[in-house]
Amino acid sequence: MDKKDIQKQFDATAAGYATSVGHVQGATLRDLLELAQVETGDWILDVATGTAHTAMAMPPGAGVVIGADLSMHMMQEGERMAEERGIGHLRFVASDVHALPFADGSFERVVSRIAPHHFTDVRLAVREMARVLVPGGRLAIVDGSTPDVPEIDRFVDTLERLHDPTHGRNYTAREWRGFCEQAGLEVLELRPELYDVMGGRSLAEWSARSHCSARTVGTMRDMLLGAPPAVREALQIRETGPDVFFDVPKVGLAARKP
Amino acid sequence: MALSEDLLQILVCPACKGDLIYDREAARLTCPKCKLRYRIEDDIPVMLIDEAEKLQG
């Protein structure tokens, strides 16, 4: 999937992300903040910030917070919300994680939430994120993942790609450890199989946000309801009235630059 | 509005990671080495290599 397609997908769906319950209040935000351990005065880079939910959740005592994204529309939406809330330490930069426009050692923290599955070259992306960290700085990631079981992995991959054709891949916790170590980072904490709160995500809400066609929604619904038991359990699939609730497992990690 | 000083302090060319020249009037950031000029839109510098203007010479 090309970067231009990713940019287009998110430029077109920016408003939906600005108000999406999962993106605003999800447990993944709490997990990310725990993993990031932001300290007073820290300069923070939020990679693939989107409409800046993660960037805006950084403690007010943090130093400069930079939201970086490919999509101008997403960031303009974020800028508008940050202004409304009077968040003064937030800046935006249109940039590509594979070629970050920041000097080596610019940040104490680099974070990214529910985004790396879109990166076209995750190894290069992690190397770039490591480069802009100060020695002793910390990378914190929370992203859609998959248990290390081929049947579940394949199911998640098909479902995510139906939902959003720009979806790259959900990596396992083991793969994430590898990416960090290859980039010279020391993994401090790895939390596999995290779930969002509030009983999972609604298929109706999830598909509306990404402007899925009725046909695609039908296919995803059939897939979820017909899933084999191992997948049903891993994704916590539940039929509730006309809607289906489920959650794709997430992985959380904190890694340190030596 | 101008770009904030803190941002200018850490911004580099995404291609060569070299220093940039900031033209406040024209709202542009230029990399003299790569001969690439990056625009600034709504106070957001657009630091995308594909979208930079290529300078002659």
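A note on names: the letters A, B, ... follow the listed sequences, proteins ahead of strands, and every chain is numbered from 1.
The CZ atom of A:F107 lies 3.5 Å from the CD1 atom of B:I10; values are rounded to the nearest 0.5 Å. Separating the CD atom in A:E79 from the CD1 atom in B:I44 is a distance of 4.0 Å, to the nearest 0.5 Å. Taken from CZ in A:F102 to CD in B:Q9, the straight-line distance is 12.5 Å, to the nearest 0.5 Å. To the nearest 0.5 angstrom, B:D43 atom CG is 10.5 Å from A:Q76 atom CD. In this structure, B:L7 CG and A:R91 CZ are separated by 7.5 Å, a value rounded to the nearest 0.5 Å. Interatomic distance, A:I66 CD1 to B:D6 CG, rounded to the nearest 0.5 Å: 7.0 Å.
In this structure, the portion of B:D50 lying under 4.5 Å from any heavy atom of chain A is its side chain and not its backbone. Only the side chain of A:V64 comes within contact range of chain B, with at least one heavy atom under 4.5 Å from a heavy atom of that chain. Using a 4.5 Å cut-off between heavy atoms, B:E51 touches chain A through its side chain atoms alone. Heavy-atom distances place no part of B:L20 under 4.5 Å from chain A, backbone and side chain included.
Few gaps surround CD on A:E84; more than 12 heavy atoms of other groups in view lie less than 6.0 Å from it.
Smallest separation of non-hydrogen atoms from B:I49 and A:A99: CD1-CB, 4.1 Å.
No salt bridge links A:D104 with B:K17; every basic N to acidic carboxylate O contact stays at or beyond 4.0 Å.
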